[in-house]
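Bear in mind that the values here come from a model prediction, so they are computed numbers and not experimental data. Chain letters run A, B, ... following the sequence lines, proteins first and then strands; every chain starts at 1.
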Amino acid sequence: MLEKTFEPNAAEPRLYAQWEDAGTFQPKDDPQAETYSIVIPPPNVTGSLHIGHALNNTLQDVLIRYHRMLGKAVLWQPGTDHAGIATQMVVERQLAAEGNISRRDMGREAFIKRVWEWKEESGGTILNQLRRLGASCDWSRERFTMDEGLSKAVLKVFVELYEQGLIYRDKRLVNWDPHFQTAISDLEVENREVDGHFWRFRYPLADGSTYKFPIAFDEDGQATEWEERDYIVVATTRPETVLGDTGVAVHPEDERYAGLVGKTIRLPIADVEIPIVADEHADPEQGSGAVKITPAHDFNDFMVGERQGLPMVNLFDREARLISEITDEKVDGLDRIPAEWRGLDRFEAREKLVARMDELGLLDGIEDRKVQQPFGDRSGVVVEPFLTDQWFVKADVLARDAIAAVEDGRTDFHPKNWEKTYFEWMRNIQPWCISRQLWWGHRIPAWYDEDGNVFVAESEAEAVAKAGGRALTQDEDVLDTWFSSALWPFSTLGWPEETDELKRFYPTSVLVTAFDIIFFWVARMMMQGLHFMKEVPFPDIYIHALVRDEHGAKMSKSKGNVIDPLELVDEFGADAVRFTLAALAAQGRDIRMSKDRVEGYRNFGTKLWNAARFCLMNDCLPDPEFDPKSVKQTVNQWLLGEAEAATSAVAQGLETYRFNEAASAAYRFVWNVFCDWHLEFAKPLFNGEDEAAKAETRATTAYVLEVALKLLHPFMPFITEELWAKTAGPEGRDSLLIVADWPQPQGLANAAAQDEMNWLVSLITEIRKLRSEMNIPAKARPAGLAISGDAALAERLKRHSALICQLARLDSIALADTAPEGSAQIVVSETTYALPLEGVIDFDAERTRLDKEIEKTAGEISRLEKKLSNERFVANAPADVVAAERAKMADYAAQKDALEAARARLG
RNA sequence: GGGCGCGUAGCUCAGUGGGAGAGCACUACGUUGACAUCGUAGGGGUCGCAAGUUCAAUCCUUGCCGCGCCCA
């Protein structure tokens with residue numbers, strides 16, 4: 001006998017070990033079997049499980065378990081990502097907390113050793129947490145982006161792309177994080193609106209000449225007053241860059257400045273002459289219409305500089321301080337910086353610059369203003385556009401086929417609208433800066449000789465050979481983490497080796513991820529997969545929602561609204577957490593997670609548990625001889641049809657990534673069909689005399705319980721596996737549920753049985769309603785009389801008499817010619833049923849109740865009459881719709897007649 | 001400024017061109033051992049607002065209002 005409730009905390013680790021020990025997480029060794037594979041979005045090795053991971057991995061596990069039950073050879077490839085900046089940051093913090101020396105004092109080799117030690121020690125945390133959710137990954141194949149094999153893939157990809165001219169080194173503006181002192185990609189920059197200022201400065205014309213500048217206008221916008229000026233006003237939000245200006249731009253059609261283009265101004269403080277150029281970047285409507293151009297410190301200005309041939313002048317060092325020595329004589333503007341300012345932080349430099357301009361009488365004004373400022377998403381400091389030598393990928397070339405693949409349907413997004421986001425970004429893709437000035441990561445396989453010539457090769461020996469034996473030094477930098485995760489779908493399968501796994505499991509079947517890494521990761525896997533494997537990495541991409549708190553706010557540590565999935569697992573069990581996430585995963589909407597919801601699904605698990613308990617108590621055990629197609633009892637025919645319909649609804653939901661529909665189809669079947677009705681129907685049968693019916697019902701019930709366990713297994717693996725074992729019966733089970741066969745359709749739908757059971761359910765429901773409305777005491781067991789029914793009805797009533805009596809609490813149910821005096825009456829399927837209740841109920845109330853019913857029915861009738869008398873409706877609506885409305889109308893009419901007759905009998 | 005999405009019961013959310021559903025919460029009543037982590041019954045909605053298309057609009061189109069996210 002089963003315990004009263006399922007104990008998740010005790011059962012989960014046991015069941016998980018059982019699955020793993022049985023080797024069920026590994027793809028089955030059948031070369032004929034169809035394959036199904038998913039690569040896990042590798043979590044950061046530094047990470048711990050948050051609710052977003054829980055959702056992401058639950059959905060993957062649901063798919064994996066479903067396809068495994070379909071008999072496929074299934075691989076769920078797990079692993080972690082080395083997460084360059086994030087991991088380096090964690091370890092540096094540890095060093096600081098221990099009062100140890102910094103990474104630079106420690107030296108590269110010792111530091112990297114230290115990171116590896118930390119990785120070995122606690123890198124497995126998040127994967128162990130996934131096990132608690134029930135994730136059925138093939139742990140024997142766990143990979144890490146810095147494993148030997150994956151690193152080899154990185155080297156090969158880098159060298160090949162370099163040789164194909166798709167990777168190059170260049171001095172360009174990049175987003176520079178002064179805290180980590182590394183370049184970061186534009187995706188790692190967070191633009192935030194902050195309070196700032198607009199400073200207006202006067203730049204004097206170099207030749208001392210003057211021009212007339214309009215300062216007042218009439219209604220038509222015509223200038224009415226002018227002022228004589230010997231300067232141009234420019235406005236900036238970043239005064240610290242003034243010394244790096246190499247031009248002032250005005251719009252080519254801006255008449256106010258037409259005569260000044262080609263002249264020069266004398267840049268204050270720096271004391272150099274810079275030209276006034278005409279460029280469309282200048283917006284005549286904005287400020288004075290003239291803009292300062294600082295090509296080395298602003299992305300827009302960089303482009304203007306290229307167009308106009310303006311030189312680049314760099315002011316800052318790697319820590320975003322004004323330079324105090326020359327590091328690159330081609331661009332550094334040291335001689336523009338007053339000696340006493342050298343080495344100042346950029347924000348101090350700003351103050352000094354503004355103050356000096358004010359002293360010089362060149363500060364034209366200051367306005368408060370909201371400005372967009374870029375912040376490093378990891379460091380939180382203001383990112384500086386900075387001119388450095390970096391490695392770049394020609395992403396636009398790689399993007400071409402990646403765009404085409406989605407356009408022509410080799411890969412589909414689900415929901416489809418995410419392809420817009422993908423296209424938008426891919427079609428405007430910028431060169432991808434892949435070098436990072438970090439130590440933790442894949443070191444760039446490029447070596448330099450004394451003259452700065454570069455040699456790219458997979459090893460130092462090869463590079464030296466290419467250099468003709470000269471001494472070389474390796475590039476100090478490492479690659480962006482996403483460079484290696486872009487290879488994940490094939491590098492984890494053994495590429496560049498031609499392994500069996502690679503042949504069997506690439507392309508993978510689907511990628512499951514959140515929208516926030518479409519650019520970072522999905523797009524790049526598409527590019528690299530197509531380039532190196534010549535095939536898309538996955539035909540389907542399922543994009544799921546973000547998990548928010550119950551009020552819709554983003555979860556964050558600072559808000560304190562973070563829900564820890566493992567706490568939920570502790571409290572309600574992994575099954576409840578998984579089911580909740582799946583049931584709420586409707587396409588295109590964020591998930592609001594609340595404890596109440598999890599509790600509700602925990603209760604659902606308990607309901608299932610108790611249903612199984614009932615089955616065991618009544619000897620409903622699997623019967624190997626049982627043939628669902630040959631059952632005789634209407635109840636059983638109906639139940640089998642319902643089970644089959646539920647099975648296909650669940651399958652349909654999963655095939656189309658509608659997890660919520662799949663989950664709720666299973667839920668409704670188990671609770672509202674199997675428990676609420678079937679088990680209640682079974683009770684009187686089990687207590688009855690008909691041994692054949694009893695035996696058939698036991699076998700059917702056991703069979704359908706198996707179906708229920710199978711349908712729920714992908715969502716609630718633990719409790720279903722436990723019940724699978726506990727309900728095995730003396731024969732035992734052939735296999736664990738995790739590898740049992742998904743139920744196959746057998747054509748069990750039975751319209752006649754369905755019709756009869758629908759009638760039975762509504763008869764019972766109507767009687768219960770009457771009892772409730774008329775306050776008939778629970779103890780009262782009136783006789784039920786069907787007034788003037790035919791032989792078929794008599795047959796039905798006889799067949800289900802025990803069920804009706806028990807579930808509607810009647811003493812008996814039979815045909816009668818007329819309703820006895822003092823009866824309450826209801827109408828079900830056009831038949832009137834009378835319950836003699838003289839002295840039990842208030843007949844005035846019964847009259848009122850019937851009047852209300854009649855009124856309601858009349859309302860429906862007049863609505864339908866109106867519709868059916870509309871010629872255009874009858875002419876234009878599809879015939880089946882018109883017929884259905886007519887049938888409804890006839891039903892209501894018959895019902896109204898019966899109700900009116902019933903009312904008349906009461907007088 | 002461009003893009004995506006949302007507004008349906010008190011709350012959290014499904015859903016469909018043919019008079020709207022679930023869970024939770026709420027109210028009343030609970031009887032024969034599956035289950036009180038439960039059962040039975042009930043109340044509760046101008047489907048954001050307006051116009052259009054249609055025989056028919058909560059659903060399609062447009063505009064507006066409110067809210068969220070992404071990109072510039």
Side-chain angles (χ1 to χ4, degrees), chain A residues 1-2 4-6 186-187 190-191 299-300 372 415 417-421 423-425 428 515-516 518-519 543 545-546 548-554 572-573 576 580 583-618 620 658 660-661 663-664 667-668 671-672 674-676 679-680 682-684 686-687 764-781 806-809 859-860 863-864 866-868 870-878 880-882 884-885 888:
Chain A
M1 181 51 54
L2 281 180
K4 239 185 151 181
T5 54
F6 177 59
D186 43 8
L187 295 173
E190 201 179 304
N191 285 298
F299 287 99
N300 286 318
Q372 288 286 332
N417 49 297
W418 286 110
E419 72 179 35
K420 280 204 168 192
T421 306
F423 285 140
E424 179 64 22
W425 188 72
N428 297 296
F515 63 82
D516 52 350
I518 289 180
F519 307 140
I543 302 289
L546 240 47
R548 300 171 174 278
D549 76 3
E550 57 194 309
H551 308 294
K554 224 170 172 172
F572 300 107
T580 306
L584 295 180
Q587 290 191 359
R589 189 193 269 266
D590 286 343
I591 293 179
R592 299 196 188 190
M593 191 71 183
S594 78
K595 259 190 166 185
D596 286 349
R597 210 68 198 238
V598 186
E599 189 180 353
Y601 290 120
R602 187 272 318 267
N603 296 350
F604 173 58
T606 307
K607 186 78 182 175
L608 174 71
W609 183 265
N610 281 295
R613 196 156 171 263
F614 173 83
C615 293
L616 285 179
M617 292 170 77
N618 288 282
C620 301
R658 293 172 195 275
N660 60 321
E661 289 179 16
S664 61
Y667 180 100
R668 280 195 311 270
W671 199 316
N672 303 120
F674 187 65
C675 292
D676 285 351
L679 294 186
E680 296 304 322
K683 285 175 189 173
F686 290 154
N687 295 329
I764 292 165
T765 305
E766 288 300 322
I767 297 172
R768 284 173 172 172
K769 257 200 251 181
L770 175 74
R771 297 187 70 114
S772 171
E773 275 176 56
M774 300 315 296
N775 295 315
I776 299 171
K779 299 260 185 243
R781 303 199 64 139
Q806 171 144 339
L807 298 183
R809 304 196 56 72
E860 293 294 327
R863 181 177 62 79
L864 288 165
K866 205 171 140 195
K867 194 165 189 178
L868 284 164
N870 181 348
E871 282 170 29
R872 286 178 308 176
F873 170 70
V874 179
N876 291 319
D880 57 330
V881 171
V882 178
E885 298 291 302
K888 256 193 265 176

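- The listed nucleotides are B:C69, B:G5, B:G33; the one nearest the side chain of A:N417 is B:G5.
- Every salt bridge (charged side-chain N to carboxylate O under 4.0 Å, His left out) that A:R863 has, sequence neighbours left out, goes to A:E860.
- Of the residues in residues 606-616 of chain A, A:T606, A:K607, A:N610, A:A611, A:R613, A:F614 come within less than 4.0 Å of RNA chain B through at least one heavy atom, sorted by number.
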List, one per line, each side-chain donor-acceptor pair under 3.5 Å for residues 600-617 of chain A, sequence neighbours excluded.
residue	atom	partner	partner atom	Å
A:T606	OG1	A:R602	O	3.2
A:W609	NE1	A:E3	O	2.9
A:N610	ND2	A:T606	O	2.9
A:R613	NE	A:L2	O	3.2

Watson-Crick or G-U pairs under 3.5 Å in RNA chain B, rendered as dot-bracket with [ ] for crossing pairs and | for another strand: (((((((..((((....[..)))).(((((.......))))).....(((((..]....)))))))))))).

Anything under 3.5 Å between a protein N or O and an N or O of nucleotides 28-32 of chain B, put it in a table, one pair a line.
residue	atom	partner	partner atom	Å
B:U31	O2	A:R809	NE	2.8
B:U32	N3	A:Q806	NE2	3.1
B:U32	O4	A:R809	NH1	3.4

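- The gap from the C1' atom of B:G42 to that of B:A9 amounts to 14 Å, rounded to the nearest Å.
- Of the candidate nucleotides B:G3, B:A34, B:G39, B:A34 has the atom nearest to the side chain of A:E680.
- Residues passing the salt bridge (charged side-chain N to carboxylate O under 4.0 Å, His left out) test with A:K769, sequence neighbours excluded: A:E766.
- By the rule that a glycosidic angle within 90° of 0 means syn, B:G44 does not qualify and counts as anti.
- Applying the salt bridge (charged side-chain N to carboxylate O under 4.0 Å, His left out) criterion to A:E419, with sequence neighbours excluded, gives A:K416.
- Residues that satisfy the side chain to side chain donor-acceptor pair (under 3.5 Å) test with A:Q806, not counting sequence neighbours, are absent from this structure.
- Residues satisfying the ring pair (Phe, Tyr, Trp, His ring centres under 6.0 Å) criterion with A:F515, sequence neighbours excluded, are A:W418.
- A:E773 is linked by a salt bridge (charged side-chain N to carboxylate O under 4.0 Å, His left out) to nothing, counting only residues two or more places apart in sequence or in another chain.
- For B:C11 and B:A56, the P atoms lie 34 Å apart once the distance is rounded to whole Å.
- Residues that satisfy the ring pair (Phe, Tyr, Trp, His ring centres under 6.0 Å) test with A:F519, not counting sequence neighbours, are A:W425.
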Reading 5' to 3' through nucleotides 18-23 of chain B, protein heavy-atom contacts under 4.0 Å coded B for base, S for sugar-phosphate only, - for none: BB---S

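- B:C24 and B:A34: their P atoms are spaced 22 Å apart (whole Å).
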